[in-house]
Amino acid sequence: MSRVCLFLKDDKLTTPTLKLPELPTPSITSRRTPPDEATLSRFDAVLMLQSGKTFQGTQLPYASTLATLAERAGNQHLLTMTMPGKQAGLLVVAEIAKDADRFGVETACRQAATKIIASGATRIAVVVDATNDAYATLVNAAAVTLTMASFSMPRWTQKRTPKAKPIKLTVFEPKKTPLTAAIAGARGNCLARWLGAAPPNLLDAKGYRDVAAQLAKKHQWKYQFHPFSKLKRMGAGAFVAVAQGNENNDAGIVQLTHKSGKKGSKHIALVGKGIIFDTGGTNLKPHGGMLNMHIDMGGSAVALATLLTLAEAGAPLDIDVWLAITENRTGPEAFKPQDVVTSLSGKTIQTIHTDAEGRMVLADTLTLASRRKPSLIMDFATLTGACVTAVTTHYSGVFSNRASLHPTLKRAGVESGERVWPFPTGGDFLDMLKGETADLLQCPVAGAGDHILAATFLRQFVPETIPWVHVDLSSCENKGGLGAAGTTITGFGVRYAAHLLTEHATTLIKAKRDR
């Protein structure tokens with residue numbers, strides 16, 4: 001549970017500070033002996049996963065009772081019962097369709113895990129009835145969803161909420177399933193959701209820098225901050241155009257560097273859009289469109305949380321992370337339509353709409369990241385409403401300067417349970433961004449496909465020699481949760497990126513340039 005204290009000093013309200021959230025760290029024990037009713041009755045709760053239909057696994061405890069419940073439940077795929085005995089723990093059984101993909105498995109597990117955590121259980125048994133091919137997937141999904149469900153999203157209330165107790169999982173399995181990477185991904189997801197939920201007056205530019213610095217100190221990452229004044233001197237005109245409308249000069253770009261210490265580690269860069277609040281600028285958003293714009297820093301949250309995930313999983317990657325942190329405000333210094341600015345790359349940009357600020361700050365941040373000559377750049381941003389229109393909030397869009405990577409990018413979404421859909425960039429789309437008074441239009445005045453045009457714009461700031469992947473996080477929010485995440489703020493992208501970069505890094509880096 002995250003807390004913040006407000007207090008008065010010299011009759012002035014002292015600015016509160018954010019402390020790092022307590023991310024869930026479950027204790028996990030593997031037991032090879034088959035469970036019986038007496039053993040399970042000693043747990044607070046049992047999560048039982050059945051691959052296939054009708055809950056009729058004769059080798060499972062409570063099989064006859066569950067078969068009766070299933071018959072009464074009809075088409076229901078989730079059963080609950082109170083186990084007999086003094087402990088009177090909760091038993092939740094989830095029926096997983098045999099043809100379910102990773103997303104379907106995690107959705108079913110999340111629904112069961114939510115019930116278990118809501119019951120207050122901390123000592124939890126996991127029992128799986130599945131074939132060898134599905135076994136590891138189900139155990140993995142159970143561990144991920146129980147860990148994520150046990151995390152309390154931040155609330156700032158007068159009444160103190162009891163501190164969440166860590167959960168202890170006992171997995172009954174014939175062969176131990178490796179779970180280090182899975183738990184690292186769950187913890188990273190929790191960090192991304194926590195950052196997204198933090199109020200904009202607390203997670204302001206300074207507050208965000210402080211959180212990044214605390215994480216860097218804790219995990220021994222190198223921390224560097226490139227302030228507004230320095231970026232202005234460097235000629236980062238695209239970032240400065242957006243940041244100059246802020247009421248202070250706290251905006252800037254945070255750079256974090258992690259060395260894996262492993263031989264042959266690949267050097268990658270993660271870049272995140274960190275618009276901590278987006279009014280739309282001079283082209284002011286309406287109330288409904290502005291209300292939740294504290295989550296417009298979701299891309300930077302994913303980049304930062306992906307670093308945490310990869311570091312905790314021990315991935316053989318040397319990682320630079322770049323967080324473009326600023327607000328997009330109105331005011332006398334705010335940039336305007338038809339301003340012409342010079343980006344850090346030297347390319348000039350004719351601004352069209354001040355609510356297309358994300359691509360502006362990312363342009364200069366991508367240039368900075370490119371100068372370190374990584375083998376791969378991956379950026380994340382809640383960039384366009386057009387992507388939501390194209391794929392809804394159940395998927396996110398992916399783009400690359402290597403069209404041959406589209407199948408790999410899509411497959412990684414299926415494998416990780418965080419689904420994406422690839423779109424083209426460049427080519428004749430670039431013709432639509434030719435400026436009249438500058439090298440590039442920030443965006444067209446009107447027209448469809450802004451998610452494609454935004455990605456095409458960003459591509460101009462990454463050298464074609466460096467493979468680049470852009471994720472437009474249309475599923476950053478989804479009412480009721482999505483896949484393994486049970487909250488509206490989903491943390492989508494962390495587990496996708498971690499899986500993509502650990503399982504497919506070589507394919508990404510060696511992809512040939514588009515012709």
(message) With heavy-atom distances below 4.5 Å as the criterion, would you say the side chains of S150 and I117 are in contact?
(response) yes

(request) First locate atom CD1 of I489, then atom CD1 of I295, and finally report the distance between them rounded to the nearest 0.5 Å. (result) 4.0 Å

(message) Are more than 12 heavy atoms, taken from residues, nucleotides or ligands other than K230, located less than 6.0 Å from that residue's NZ atom?
(response) yes

(request) Give a yes/no verdict on a cation-pi contact between R209 and F225, requiring under 6.0 Å between NZ or CZ and the six-membered ring centre and an angle within 45° of the axis. (result) yes

(request) Apply the test side-chain hydrogen bond (donor to acceptor under 3.5 Å, both in side chains) to residues T25 and R187: give CA-CA distance (whole Å), side-chain angles for both, the deciding distance (0.1 Å), then the verdict. (result) CA-CA 8 Å; T25 307; R187 284 167 51 83; 2.8 Å; yes

(request) For L508 and L500, work out which heavy atoms get closest and say how close. (result) CD1-CG, 3.7 Å

(request) For residues V341 and F335, determine if any side-chain heavy atom of one lies less than 4.5 Å from a side-chain heavy atom of the other. (result) no

(message) Counting neighbours of CD on Q224 that are heavy atoms of other residues, nucleotides or ligands and sit closer than 6.0 Å, is the number greater than 12?
(response) yes

(request) Output the distance between atom OH (Y223) and atom CD (Q214), rounded to the nearest 0.5 Å. (result) 10.5 Å

(request) Verify whether one side chain among S396 and Y496 offers a donor that lies under 3.5 Å from an acceptor in the other. (result) no

(request) Measure from the side-chain N and O atoms of S265 to the backbone N and O of G261, and report whether any donor-acceptor pair falls under 3.5 Å. (result) no

(message) Would you call the rings of W421 and Y395 parallel, tilted or perpendicular, taking 30° and 60° as the class edges?
(response) perpendicular

(message) For a quick check under 3.5 Å, do T384 and D472 share a side-chain donor-acceptor pair by atom type?
(response) yes

(request) Examine distances only and state if a side-chain atom of Q442 and a backbone atom of H353 form a donor-acceptor pair shorter than 3.5 Å. (result) yes

(request) Applying side chain to side chain contact (heavy atoms under 4.5 Å, CB included) between I124 and each of V92, L169, V171, report the one that passes. (result) L169

(message) With a 3.5 Å distance limit and no angle check, can you tell me whether K273 reaches the backbone of V361 through a side-chain donor-acceptor pair?
(response) no

(request) Hey, could you give me the CG/CG distance between D44 and L90, rounded to the nearest 0.5 Å? (result) 10.0 Å

(request) Applying side-chain hydrogen bond (donor to acceptor under 3.5 Å, both in side chains), run through T408 and T507 and close with a yes or a no. (result) CA-CA 8 Å; T408 300; T507 299; 5.3 Å; no

(message) Could you measure the distance from the CZ atom of R459 to the CZ atom of F399? Nearest 0.5 Å is fine.
(response) 12.0 Å

(request) Kindly indicate, with the supporting measurements, whether the criterion salt bridge (Lys or Arg N to Asp or Glu O under 4.0 Å) is fulfilled by R359 and D450. (result) CA-CA 11 Å; R359 65 200 76 182; D450 187 49; 2.9 Å; yes

(message) Any non-hydrogen side-chain atom of P337 less than 4.5 Å from a side-chain atom of N283?
(response) yes

(request) Check whether the side chains of N246 and T326 place a donor and an acceptor atom closer than 3.5 Å, and report yes or no. (result) yes

(message) Would the distance check show the side chain of T490 and the main-chain N or O of C476 forming a donor-acceptor pair, the cut-off being under 3.5 Å?
(response) yes

(request) Give a yes or no on whether the backbone of I466 and the side-chain of N401 come within a donor-acceptor separation of less than 3.5 Å. (result) yes

(message) Is there a side-chain contact between E418 and H499 in this structure, where contact means two heavy atoms from C-beta onward sitting under 4.5 Å apart?
(response) no

(request) Identify the two heavy atoms, one from P166 and one from T122, that lie closest to each other, and give their separation to 0.1 Å. (result) O-CB, 3.9 Å

(request) Please examine the side chains of P227 and N249, heavy atoms only from C-beta on, and report whether any two atoms are closer than 4.5 Å. (result) no

Side chains of residues 178-186: which donor-acceptor partners sit under 3.5 Å, not counting sequence neighbours?
none

(message) If I take atom OG from residue S260 and atom NE2 from residue H267, how far apart are they, to the nearest 0.5 angstrom?
(response) 11.5 Å

(message) Regarding D379 and W468, do their side chains bring together a donor and an acceptor under 3.5 Å, going by distance alone?
(response) yes

(message) Applying salt bridge (charged side-chain N to carboxylate O under 4.0 Å, His left out) as the test, list every pair that has at least one member in residues 278-292; sequence neighbours left out.
(response) D278-K285, K285-D355

(message) I'd like to know if E357 and R329 make a salt bridge, using a cut-off of under 4.0 Å between side-chain N and carboxylate O.
(response) no

(message) Just verifying a value: how many Å separate L191 CG and L20 CG, rounded to the nearest 0.5 Å?
(response) 8.0 Å

(message) Are L344 and R371 packed together at the side-chain level, in the sense that at least one heavy-atom pair is separated by less than 4.5 angstrom?
(response) yes

